[in-house]
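All values below come from the heavy atoms of this structure, side chains included, with hydrogens, waters and symmetry mates left out.
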Amino acid sequence: MIKMNVKQRTIKEPVSVSGTGLHTGEFVTLTFNPAPEKHGYKFRRTDLPGQPIIDADCDNVTDTSRGTTLTQNGASVSTVEHVLAAMVGLEIDNVLIDVSGPEMPIMDGSSIKFIDAIEAIGFTEQEADREYYHIPYNIHYTEPDRKVEMVAMPLDADYRFTCMVDYNSAVLGSQHATISTIAEFKKEIASSRTFCFLHELETLLKHDLIKGGDLNNAIVVVDKDVDEDELAHLAKLFNRKDISVAPQGILNNIELRHQNEPARHKLLDMIGDLALVGVPLKGHIMAARPGHAANVAFAKKIKTLIKKERSRKHIKVYDPNMKPVYDTVQIMNILPHRPPMLLIDKILELSKTHVVGLKAVTMNEPFFIGHFPGAPVMPGVLQIEAMAQTGGILVLNTVPDPENWLTLFLKIENARFKDKVLPGDTLIFRCDLVAPIRRGIAQMKGTGMVGEKIVVEAELMAQIVKYK
């Protein structure tokens with residue numbers, strides 16, 4: 001993560017909009033509320049008991065078939081992409097979005113109504129810096145069967161998008177849309193409405209899936225021959241006097257706002273779905289034939305990369321040659337263990353809340369005689385034991401006569417072994433208290449590292465008891 005001297009911002013006061021959900025047909029009210037720093041985007045279902053909150057996070061996506069649906073805490077919200085695109089386009093960092101039903105109101109099928117409502121009340125700058133994630137190198141995502149291609153490329157200056165759609169339709173053809181900076185979103189993209197093909201509309205109507213559709217919020221592309229009877233039937237369904245096919249090959253229910261409005265709307269969807277990464281991005285996103293499923297999968301790929309980089313930055317690399325707090329002899333004055341069961345050679349750091357210990361793994365360890373002698377690997381159970389001994393030093397440091405006490409481990413949970421530990425490795429353990437020590441009981445999170453690489457993790461609970 002790279003910090004810029006740009007402050008986070010929220011909205012000045014609550015503001016509401018109301019409308020009908022496209023698929024559910026339910027009338028819902030959406031209220032945007034100011035939120036504190038580092039809050040991000042969250043939805044709150046005000047119509048449900050307990051008003052559960054749903055984080056706008058790609059890991060919470062449960063459906064992408066007809067829009068993007070999020071589920072958390074036993075509640076769902078659907079068709080969130082147009083709202084989230086508006087938040088990104090307005091460069092809002094923190095907002096709590098109350099919704100009185102299961103789906104966002106479709107409004108006119110774009111993001112512009114949300115933007116107009118929020119701009120009317122304005123923004124509040126906050127104290128915390130906005131933390132951008134700068135795309136570090138080309139990140140690719142493909143779905144060969146659907147001919148989907150997406151790439152995020154480094155671009156420190158801004159957030160840029162290029163989108164191409166191609167549906168093998170004589171009417172729609174190939175279309176491109178682009179913005180060179182997120183500041184262009186309102187003018188160039190926000191008013192672009194959702195679209196569908198006539199054959200899709202008929203299928204949706206047959207399955208009662210667009211209860212809120214009224215032909216005011218979608219561009220309908222006529223991709224097949226259609227006779228007067230069918231047009232009359234559609235007019236009756238949507239309470240219109242008549243419907244015909246416009247020269248552009250779309251139903252005459254609405255006029256295009258841009259010649260390439262479908263491509264611009266796909267770009268809008270992509271911006272909204274990529275908001276689910278959870279942090280503002282800097283980079284150039286290029287996509288061919290994107291859709292909600294691909295957008296979300298791409299967001300997850302970027303989020304995974306961010307998590308890996310964050311975890312690496314939280315790892316402190318220790319110098320094994322630094323002057324130790326305790327050497328081996330001093331450790332034996334504290335712990336009752338003796339070779340070959342003494343598995344810690346040095347204590348490098350020690351405070352009231354953490355400890356760092358070192359184990360030099362050599363081929364002459366007695367366990368290598370019988371543990372994969374042809375391919376020596378330090379047993380995982382002994383890695384946990386070495387971690388436990390390191391944690392024992394931390395716990396015994398709380399009593400004035402540690403030599404008269406034993407550390408008994410009560411519980412080991414969530415042990416994960418992430419890589420092999422081999423002869424020649426220097427294994428460094430760090431144990432941190434996760435709660436204050438009470439009645440001699442300590443809860444710790446332990447991590448074992450070889451260089452910058454985490455090889456083992458576990459959660460430990462120990463109690464010290466007097467034995468002399």
Participant: Calculate, to the nearest 0.5 Å, the distance between atoms CD1 and CD1 belonging to I271 and I189 respectively.
Facilitator: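 The CD1 atom of I189 is 6.5 Å from CD1 of I271, to the nearest 0.5 Å.
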
Participant: When you check the gap from the basic side-chain N to the acidic O, do K359 and E365 get nearer than 4.0 Å?
Facilitator: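 Salt bridge flag = yes for E365 with K359.
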
Participant: Hey, is the main chain of A360 close enough, under 3.5 Å, to the side chain of D345 for a donor-acceptor pair?
Facilitator: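 Yes; at least one donor-acceptor contact below 3.5 Å.
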
Participant: State which residue, out of L84, N60, D55, D57, fulfils the side chain to side chain contact (heavy atoms under 4.5 Å, CB included) condition with L276.
Facilitator: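 Looking at L84, N60, D55, D57, the match for L276 under the side chain to side chain contact (heavy atoms under 4.5 Å, CB included) is L84.
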
Participant: Please assess H284 against T162 for the test side chain to side chain donor-acceptor pair (under 3.5 Å), listing each intermediate value before the final yes or no.
Facilitator: CA-CA 8 Å; H284 185 182; T162 302; 2.9 Å; yes

Participant: Run the numbers on T29 and S16 for side chain to side chain donor-acceptor pair (under 3.5 Å), then give the verdict.
Facilitator: CA-CA 7 Å; T29 296; S16 298; over 6 Å; no

Participant: With rounding to the nearest 0.5 angstrom, report the CD1 to NZ distance, I428 to K346.
Facilitator: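 Result: 9.0 Å between the selected atoms.
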
Participant: Out of I347, T353, V356, L350, which residue meets the side chain to side chain contact (heavy atoms under 4.5 Å, CB included) rule with L394?
Facilitator: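 When I347, T353, V356, L350 are each tested with L394, the side chain to side chain contact (heavy atoms under 4.5 Å, CB included) holds only for L350.
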
Participant: Identify whether the distance between the nearest side-chain nitrogen and carboxylate oxygen of K186 and E119 falls below 4.0 Å.
Facilitator: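 Yes, charged N to carboxylate O under 4.0 Å.
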
Participant: Are any side-chain N or O atoms of D63 and backbone N or O atoms of S65, one a donor and one an acceptor, separated by less than 3.5 Å?
Facilitator: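 Yes, because the side chain of D63 sits within donor-acceptor range (under 3.5 Å) of the backbone of S65.
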
Participant: Just by modelled atom types, is the E188 backbone N or O under 3.5 Å from a matching donor or acceptor in the R264 side chain?
Facilitator: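 Judged by distance alone, yes, a pair lies under 3.5 Å.
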
Participant: Checking K282 against Y132: charged group under 6.0 Å from the ring centre and within 45 degrees of the axis?
Facilitator: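 Ring-cation test returns yes.
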
Participant: Taking all heavy atoms of T71 and all of S76, pick out the closest pair and write down the distance.
Facilitator: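 In this case the closest contact between T71 and S76 is OG1-OG, 2.6 Å.
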
Participant: Taking all non-hydrogen atoms of both residues into account, name the closest pair between A386 and F429 and its distance.
Facilitator: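 Shortest heavy-atom separation between A386 and F429 comes out as CB-CE1, 3.4 Å.
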
Participant: I need the M461 CE to L408 CG distance, nearest 0.5 Å.
Facilitator: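 M461 CE to L408 CG: 13.5 Å, rounded to 0.5 Å.
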
Participant: Identify the two heavy atoms, one from A128 and one from E37, that lie closest to each other, and give their separation to 0.1 Å.
Facilitator: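 Scanning both residues completely, I find the closest heavy atoms to be N-OE2, 3.0 Å.
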
Participant: Are the side chains of M104 and V28 in contact, using a 4.5 Å heavy-atom criterion?
Facilitator: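 They are not in contact (no side-chain heavy atoms under 4.5 Å apart), so the answer is no.
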
Participant: Applying side chain to side chain donor-acceptor pair (under 3.5 Å) between D93 and each of R130, Q126, H39, report the one that passes.
Facilitator: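 Among R130, Q126, H39, the one that satisfies the side chain to side chain donor-acceptor pair (under 3.5 Å) with D93 is R130.
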
Participant: Identify the heavy atoms of R146 and A293 that sit nearest to each other, and give their distance.
Facilitator: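 Nearest pair, atom of R146 first, then A293: NH1-CB, 4.3 Å.
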
Participant: Taking NZ, NE, NH1 and NH2 as the nitrogens, is one of them in E127 or K7 under 4.0 Å from a carboxylate oxygen of the other?
Facilitator: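 Answer for the salt bridge query: no.
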
Participant: Quick check for you: to the nearest 0.5 Å, what is the distance between L267 atom CG and F185 atom CZ?
Facilitator: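 One finds 8.5 Å between CG of L267 and CZ of F185.
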
Participant: Per the side chain to side chain donor-acceptor pair (under 3.5 Å) rule, which among D273, T64, T79 passes with H292?
Facilitator: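 It is D273, the one option of D273, T64, T79 that forms the side chain to side chain donor-acceptor pair (under 3.5 Å) with H292.
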
Participant: Okay, side chain of Q175, backbone of A263: is any donor-acceptor separation there less than 3.5 Å?
Facilitator: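 A pair under 3.5 Å: yes.
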
Participant: Salt-bridge test for R9 and E91: reply yes if a basic N is under 4.0 Å from a carboxylate O, no otherwise.
Facilitator: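 Salt bridge absent between R9 and E91.
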
Participant: Please test K453 against D419 for salt bridge (Lys or Arg N to Asp or Glu O under 4.0 Å), starting from the C-alpha separation and ending with a verdict.
Facilitator: CA-CA 8 Å; K453 181 173 56 180; D419 212 335; 3.2 Å; yes

Participant: Give a yes or no answer on whether the side chain of R430 reaches the backbone of V355 with a donor-acceptor pair at less than 3.5 Å.
Facilitator: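 Side chain of R430 to backbone of V355: no pair is present.
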
Participant: Only counting residues at least two apart or in another chain, list the ones meeting salt bridge (charged side-chain N to carboxylate O under 4.0 Å, His left out) with D59.
Facilitator: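 If we apply the salt bridge (charged side-chain N to carboxylate O under 4.0 Å, His left out) test to D59, skipping adjacent residues, the hits are K303.
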
Participant: For the atom pair CG (L410) and CG (L460), what is the distance rounded to the nearest 0.5 Å?
Facilitator: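 Here the interatomic distance stands at 10.5 Å.
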
Participant: Is the closest side-chain donor-acceptor distance between E309 and Y133 under 3.5 Å?
Facilitator: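 There is such a pair (donor and acceptor under 3.5 Å, judged by atom type) between the side chains of E309 and Y133.
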
Participant: Please answer whether the main-chain N or O of S100 pairs with a side-chain N or O of R45 as donor and acceptor at a distance below 3.5 Å.
Facilitator: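 Such a contact is absent between R45 side chain and S100 backbone.
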
Participant: What I want to find out is whether K445 reaches D432 closely enough, with some N-O distance under 4.0 Å, to be called a salt bridge.
Facilitator: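 Looking at K445 and D432, the cut-off is not met.
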
Participant: Closer than 3.5 angstrom, by distance alone: can the side chain of N295 be matched with the main-chain N or O of G291 as a donor-acceptor pair?
Facilitator: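 Yes: the side chain of N295 pairs with the backbone of G291.
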
Participant: N138 and P154: which non-hydrogen atoms are nearest, and at how many Å?
Facilitator: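 That would be OD1-CD, 3.3 Å.
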
Participant: Could you tell me whether a side-chain N or O of S78 sits under 3.5 Å from a main-chain N or O of P102, the two making a donor and an acceptor?
Facilitator: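 Answer holds: yes.
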
Participant: Do the non-hydrogen side-chain atoms of V456 and K418 ever get within less than 4.5 Å of each other?
Facilitator: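 Not in contact.
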
Participant: Return yes if some donor-acceptor pair links the side-chain N/O of Q389 with the main-chain N/O of M341 below 3.5 Å, else return no.
Facilitator: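 A pair under 3.5 Å: yes.
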
Participant: Parallel, tilted or perpendicular, judged at 30° and 60°: which one describes the rings of H265 and H82?
Facilitator: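 Ring orientation of H265 relative to H82: perpendicular.
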
Participant: Look at the side chain of R338 and the backbone N and O of L335, then say whether any donor-acceptor pair between them is shorter than 3.5 Å.
Facilitator: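 Yes, because the side chain of R338 sits within donor-acceptor range (under 3.5 Å) of the backbone of L335.
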
